[in-house]
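The structure under discussion appears below in the form of structure tokens.
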Amino acid sequence: MSKPTANWEKVGDKFYRKVELYKEVFDQDLELENYHAAGAPYSGAVAIYRDESKIYSYRGSAGAKASIDVYSCAGKLIRRINWDKGTIKGLGWSEDEKLLVVTADGTVRCYPDLHGDFTPFTLGNGAEEHGVQSCKFYSTGFVALLGNNHLISVARYDEPRPKLLAIPPTADVVSWAIIPPAYSLSRSVEIILAIGQTLYVVDATDAEDRDFTAGPFRHISVSPRGEFLAFYTEDGKVWVVSGDWSEKLSEYNSRAKTVPKDMQWCGSNAVALAWEDEVHLIGPKSAATKFYYDSFLHLLPDVDGLRILTNDLCEYLQKVPDETVDVFRLGSSSPAAHLVEASSLLDQKSPKADDLIQLIRPSLAEAVDTCVKAAGHEFNIHWQKQLLKAASFGKSVLDLYSSDDFVDMCETLRVLNAVRFYEVGLPLSYDQFKRLTPERLIARLTNRHEYLLALRISSYLHLPTDKIHVHWACEKVRISTADDTTICSLVVKKLHGKSGISFEEIARAAYDEGRVGLATSLLNYEPRAGKQVPLLLGMKEDNIALDKAIESGDTDLIYHVLLHLRKKLPLASFFRVINTRPVATALVESSARVQDKDLLKDLFYQDDRRLDGSNLLLEEALSSPDLPASLAKLKSASKYLADGKDYTFQRTALDDASKLLKMQETMEKDLSSTPTSTPPVLVGLSLHTTLFELLKLGHNKRAMKLQAEFKVPEKSYWWIRLRALVSARHWLELEDLGAKTKKSPIGWLPFFNLILEAGNSRVASGFVGKCVGETSTKERVEMWIKCGLLVRAAEEAYRAKDRGLLEGVRERAGGDAGVEVERLVGLLGRGR
Amino acid sequence: MAPITPFNASEISEKARRDLLLLLESIRGKKNLVLEKALAGTLNLLVKFSTLQEYGVDKPFFLENDNADESQRNVVFLVRGEKASVVGKVAEQIKRLRQNSQIEHEFSIFWVPRRTMVSDQLLEEAGVLGEASLSEWPLFFVPLADDVLSLELEDAAADLYLRKDPTSIFLSAKALMLQQQKYGLFPRIIGKGDNAKRLADLLIRMRNEVTAGESSSGSGSFLGLAPSSTIDSLIIIDREIDFPTALLTQLTYEGLIDEVFDISANQTEVDSSIIGGAAPQPGQTGSASSSMKRKIVIDPKDPLYSTLGDSNFAIVGNLLNRAARRLQSTTERNQLATKTTAELREFVAKLPGYQAEQGSLKLHTSLAEEIIKHTRTDTFIRSLEVQQNVMSGADPTTQHETLTELISRDMPLPTVLRLLCLESTTNAGMRPKDFEMFKRAVLQAYGPQHLLTLSALEKMGLLQARGGSALGAPAAKPGTVTNYSPLRRSLRLWDDEVNEAEPTDISYVFSGYAPLSIRLIQSIIQKQTLANIIKPPSNPQTSAQANPLAQGLRIFDDASKYVKGTTFDERQVGEEKAIKARSMLNGSYHDGSKAIVVFFLGGVTRAEIAALRFVGGQLKEVGGEGRGSRIVICSTGIVKGGGLVGSAIETGRFS
């Protein structure tokens, strides 16, 4: 076994290593120099396409066809997309391995998984006229540079909203780079443009000149987490600047005559410059090293390192992790290094093993941790084993040690080694795996149709398997040629009893393949009613869709289906559909009430709902602009009810309303022609208020006429009359009324109360005597007192011979009244 | 580990707050906020305006006013997405701003509580879907007090009973489901009413769907869908089964504040002449009230108010008096002289507290005075008289005289309608003759446009002729209408010996009438006490357990026969393994500390809240029945009679 340090290279005081991941990656005939390459983050797939501007050797008609080829890192062709859709100006990946292809006319095609079909959208914002020049991608979005230097940003792919950013000057852009929103200070994407001698920083709101003079900058690169920026100047120097632009950290002179083909960060520690077959790696403090290759190479940056791709090799260049340095560095005297040594001595059955252990005893726990971590960072299975063995040995010596990390690491390494296998071709580093998360690793495996491995890993790591099953079933449905029932039973048999299976998704896949029958039978297995609705609508199973929507109870879904149906069906059939479903009818009704009264009218007519129809007309009458229109509507409202005998009350009420309005209008006219004071406004008032207004103004005749016409009960009429007279302060009339009339249908007490309330105790007192029938003596005494007439109160009490009451009055009386009351008290006393 | 409290009010509001602020933060720079009026109170309750400003909100606008200006590039809409009309308004304003403005705006819409497909569709039709970035503010329950969670759906009652639109049922189910996912399933769902049954069905359906759908979310759901060990049960009460309780004038202090001044989202507006120059509340959302109205926060955490709020108004005067005297004695000057310096320091430290209390005392004294003025009006007295007579079971026809008089005297329409509806709902409808007579009287007195009002009330089932519909259908079948006559006796809905000062029974909240809704709840959670109220044991010495009425659900079952709508009692069981795991995690709970969740579909009144708190207090006492000491009250919103009939009242008139 070769030493683990064999591929290490010292740059400054740090070590870097080149891990050979795969050999014989591409066919030797593939002229990599004529291709553009883009690698998905976290060691994902690599997409290459031929650079149209370069000459290539003719290989018959097959080779002449343009295509985008997607390979795994090990060089396994995953997919070939034949391309005849225009010049590719941007090819990139999202974090979840969506392939994005941007063409010159601003069309973006998003291939959501490695095998499926694409969804297109356009950039707009002038992309079509000016053409896309190039694109830069980050984890969830990308930025496109147009011919007129406009920048368009797309932040997400599920609902892409291309946004035009602030507009930079139009001079030629030498090079450019982006800072992803997650790492920029403003939390939105920022763009660095090299224009002329200087640099511009552009975001959504402004384009700021950074006032540099050392340009033009040939390459710009931003470190994976945005902490550092690297610039390559015209005279062959590499500048490293901190992410906040505050400090220039280092400068390196490459002394190269030709501008490098590419410049990328290797993790966050070093910058790699790439020429055709040469790589310069520049570490902190301008220390550098050089690597030479046999053939043309591509740099594929990742979060913690750099993949280097040639025809023969796929290599991973990264800073050697600290733990690994600790263990393996030549002459390392760290406890971990001793522990590994001790473990190998133990294998040789040497007693020195124990000596070593005793030596590092105090820091043994730490040494075990380091070994476990170093094992994680190791790509070579032999050394992984050695390190874990050492950790296990150290663990056994310790009295108390939590083995969780150790166990986790063993599990993780098993998974990592499995996916690194060349047929799978996902050479994830430990850090990448942690960032990618196991769930998304599973998603990547299912996208590669590695179902068995995905299932094994899921059950090994206790992850849900539903998505894998669904993905498998969808794929099965897509490619299988068997008949519907066979597939359906096959799928159902396989997925039976598994929780979380979305049959809707499988059914949708079937439907998209044009297998409607299969889709319908699969959909029956979907337990979530709401989920089924959109697909059912798509399948034109409108009635079932509506029923399912109602079943789900979600009114939004029901509305959704109803809107759809309303657009699609003629009115009569629409009504037929909703007729038998009360919830649907209620929802149509309540939304139509605000939006579409005509629809409502038709609905009521169709259903023969006369009362509702008539009410609707009444509503219209209320909102009519003038009286004739209102009257016409009222008339039709009444007519609407003509046939039914159950609506007599309603009809009469409507007719009365018209009659009232007409009478109000005539009276208003009459009164405004007579030269009285301001004529009253009567139209629109209620009957009672009309009477009230008329009586207030003394138009008693007209009021009587109205009363007779509408059969206003006598009691109500009297109340209105009383209120009107009091409010108009017609005291004389009130007294008159009291004097001339013997009996009032509402009694006389209200007269007393209301008049007193209005503040006229004199007139009020006139009614006390009339209240004999409806009040007790005590109450009448109170009434007199309220009017301030204590003598009368005393007399009242005296008449009733109520000594108690009388004495009550005496207590309040004073002055002349007091004397009189005293006299009455005396009289009563003597009478006994 | 701290015990997990389900339906934790502060947790819920904190989450809602965080969610909103995160959303606001996601939009760079200053922004104008356009919000629906109905959400303003809720927003104010959760987030102070000053905090909103810190998060870049420049100017707030009301969606209804249609006056959002172009002063900021970012415009944020905060609206509910369930109603097409609201979505339409948003689309219009985006279009208007886009046309009039010089600068290119960035529009964002925060849908509350969820983004709907219909809103997408409508925005697309209006051609603005691509203009705005859409997100959701999942605001379901809004805590109004520690034990009151409201969905704050203003139109819920009208939607449910007038328009038969079940949106609020779905939103309720979603809200409850979210809680279930967090704290476990309700071990038991019991309730009454057709809509309540629908809600229970939806909950069960959603549970199945969640089991079917979201197992991919990891191991959390495995526990989430086992029955909870911290919740005793969910009781769902449909407003429809007990309209009279909502129609009555509430007689608790908080209830009366609501009746007189209106409370919305714990705030009320009072004429500033009433409360004088109290300091304005800092950090109000909305326009500064320079006008005569002043906003007052009804704070359930205010120590003085917490003793007043749920008391019968009759004793509020005494309570205020007592508080005033206590304050006076502690702060009196001559007492200070005798204090040592240490005592003095302690006293000074408490001063701000005293000042706050004094302020609150002043405020509530002024409010109480104003309410007393209101309760002395003839309208109030007469209508209360009718209410008490109707509820105590007097022949309704004896009240007709008063009713006609009130109509002839042009009393406010809502008051009159409340009384008419009360008569109709307590007596399973009016006699057809009386019904027509009153309808005619209302039309003559208040105008023919109220034909619409009356027919809306009929649709809601608030005002009916006896025998169900106006069509003279055969006598009502059992379960289609709530029949109060037998219930009045079997549940003892009327209490003649009510004691308002030291209440012994929930009847104190209406000075005699014990709300049916609460009685039903008592028949489930407080059987023993209720049984003793209904049928006092002949020998007070015998153990309370002996009352045969308290066995099983006898009272509840007997009573539900006379109450409108479906009765249901579902148990949600889970795998034994999961239950065990959950109780291991949460620690075992005594039955006594479990929460009972009561959900009022279609709204709850403040009087009912007071009554339920009273029940909760009794449960907590030693010797209480201890099935759960914490009652959590959830509802689609707070209602009162005025609002209930108000939603039916036609506001247009001929002109």
Side-chain angles (χ1 to χ4, degrees), chain A residues 161 186-188 204-205 462 464 466-467 499-502 527-528 530-531 552-557 559-560 563 582-583 586-587 589-591 594-595 611 615 618-619 621-623 630 646 649-650 653-654 656-657 660-661 683-689 692 710 712-713 715-716 719-720 723 746, chain B residues 28-29 73 81-85 88 106 114 116-118 121 130 133-134 159 163-167 169-170 173 198 201-202 205 208-209 211-219 404-405 407-410 436 439-441 443-449 451-452 455 470-472 650 652-655:
Chain A
R161 287 193 205 291
S186 61
R187 295 278 172 252
S188 63
T205 46
H462 312 291
D466 50 322
K467 291 223 178 80
S499 68
I501 301 295
S502 165
R528 288 157 295 178
K531 277 263 181 186
S552 79
D554 185 348
T555 38
D556 178 38
L557 264 181
Y559 270 129
H560 178 73
L563 271 174
V583 177
L587 288 180
E589 242 183 276
S590 87
S591 69
V594 262
Q595 290 176 316
L611 195 58
N615 277 340
L618 174 56
E619 259 173 56
L622 281 171
S623 53
S630 293
D646 300 321
F649 176 83
Q650 202 80 4
L654 285 168
D656 279 356
L660 177 63
L661 282 171
V683 174
L685 296 182
S686 73
L687 179 58
H688 282 194
T689 341
F692 182 83
F710 292 103
V712 178
K715 277 188 186 174
S716 303
W719 266 110
I720 297 162
R723 285 193 290 119
I746 56 171
Chain B
R28 231 188 123 204
R73 195 161 167 270
E82 307 286 337
K83 292 243 159 82
S85 53
E106 292 283 335
R114 57 169 183 161
T116 58
M117 282 196 259
V118 173
Q121 222 165 330
S133 56
L134 310 174
D159 277 347
R163 293 185 275 273
K164 319 284 178 205
D165 173 348
T167 307
I169 304 181
F170 184 75
R198 226 160 281 150
D201 287 347
L202 260 186
R205 166 165 208 102
N208 292 336
E209 294 191 351
T211 336
E214 285 174 15
S215 75
S216 44
S217 63
S219 59
T404 341
E405 185 195 316
I407 295 172
S408 306
R409 290 174 61 183
D410 200 25
E436 284 210 355
K439 281 211 288 191
R440 187 169 300 119
L443 292 179
Q444 289 193 345
Y446 301 96
Q449 68 269 30
L451 252 177
L452 293 173
S455 95
L471 299 174
E650 170 64 38
R653 46 170 274 187
F654 290 104
S655 58

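For clarity, every value in this text was computed on a predicted model and none was experimentally measured.
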Quick check on B:K164: does its NZ atom have over 12 non-hydrogen neighbours (other residues, nucleotides or ligands) under 6.0 Å away?
yes
At a 4.5 Å cut-off on heavy atoms, which part of B:I169 comes close to chain A: side chain, backbone, both, or neither?
neither
Contact origin within B:R198 toward chain A - heavy atom pairs under 4.5 Å
neither
N/O donor-acceptor pair under 3.5 Å between A:D554 side chain and B:F170 backbone:
no
Nearest heavy atoms of B:L443 and A:A653, plus distance in Å:
CD1-CB, 3.7 Å
Measuring from B:Q121:CD to A:L563:CG, what's the distance to the nearest 0.5 Å?
5.0 Å
Note: vs chain A, highest number of non-hydrogen pairs under 4.5 angstrom among B:R653, B:R409, B:R440 is B:R409
When every non-hydrogen atom of B:E405 is compared with those of A:W719, the smallest separation belongs to CG-CZ2, 3.2 Å
Below 4.5 Å, heavy-atom pairs only: which of A:P582, A:A621, A:A204 has the largest tally toward chain B?
A:A621
Has the side chain of A:N615 got a donor or acceptor atom that lies under 3.5 Å from a matching backbone atom of B:L452?
no
Please name the pair of heavy atoms, one in B:P166 and one in A:L587, separated by the smallest distance, quoted to 0.1 Å.
CD-CD2, 4.1 Å
A:K531 NZ to B:E209 CD distance, which is reported to the nearest 0.5 Å:
10.0 Å
Which heavy atom in B:R163 sits nearest to a heavy atom in A:S590, and how many Å separate them?
CD-CB, 3.6 Å
Tell me, side chain or backbone of A:I746 under 4.5 Å from chain B's heavy atoms, or both, or neither?
neither
If you count heavy-atom pairs within less than 4.5 Å of chain B, which of A:V683, A:L661, A:V594, A:V583 leads?
A:L661
Return the option, out of A:I720, A:V712, A:T689, with the maximum number of heavy-atom pairs under 4.5 Å with chain B.
A:V712
Between A:T205 and B:R73, is any pair of side-chain heavy atoms under 4.5 Å apart?
yes
Contacting moiety of A:S591, where chain B heavy atoms sit under 4.5 Å:
neither
At their closest point, which heavy atom of A:S552 faces which heavy atom of B:R205, and how far apart are they?
CA-NE, 4.2 Å
Heavy-atom closest pair (B:S408 atom, A:S716 atom, distance to 0.1 Å) is OG-OG, 3.1 Å
Does a side-chain heavy-atom distance below 4.5 Å link A:D556 with B:R114?
yes
Most chain A-contacting option - heavy-atom pairs closer than 4.5 Å, from B:L202, B:L451, B:T404, B:D165:
B:L451
Rounded at 0.5 Å granularity, tell me how far NZ in B:K439 sits from CZ in A:F649.
5.0 Å
So which of B:D159, B:L134, B:T167 has the biggest tally of heavy-atom pairs under 4.5 Å with chain A?
B:T167
Residue B:D410 versus chain A: region with a heavy atom under 4.5 Å
both
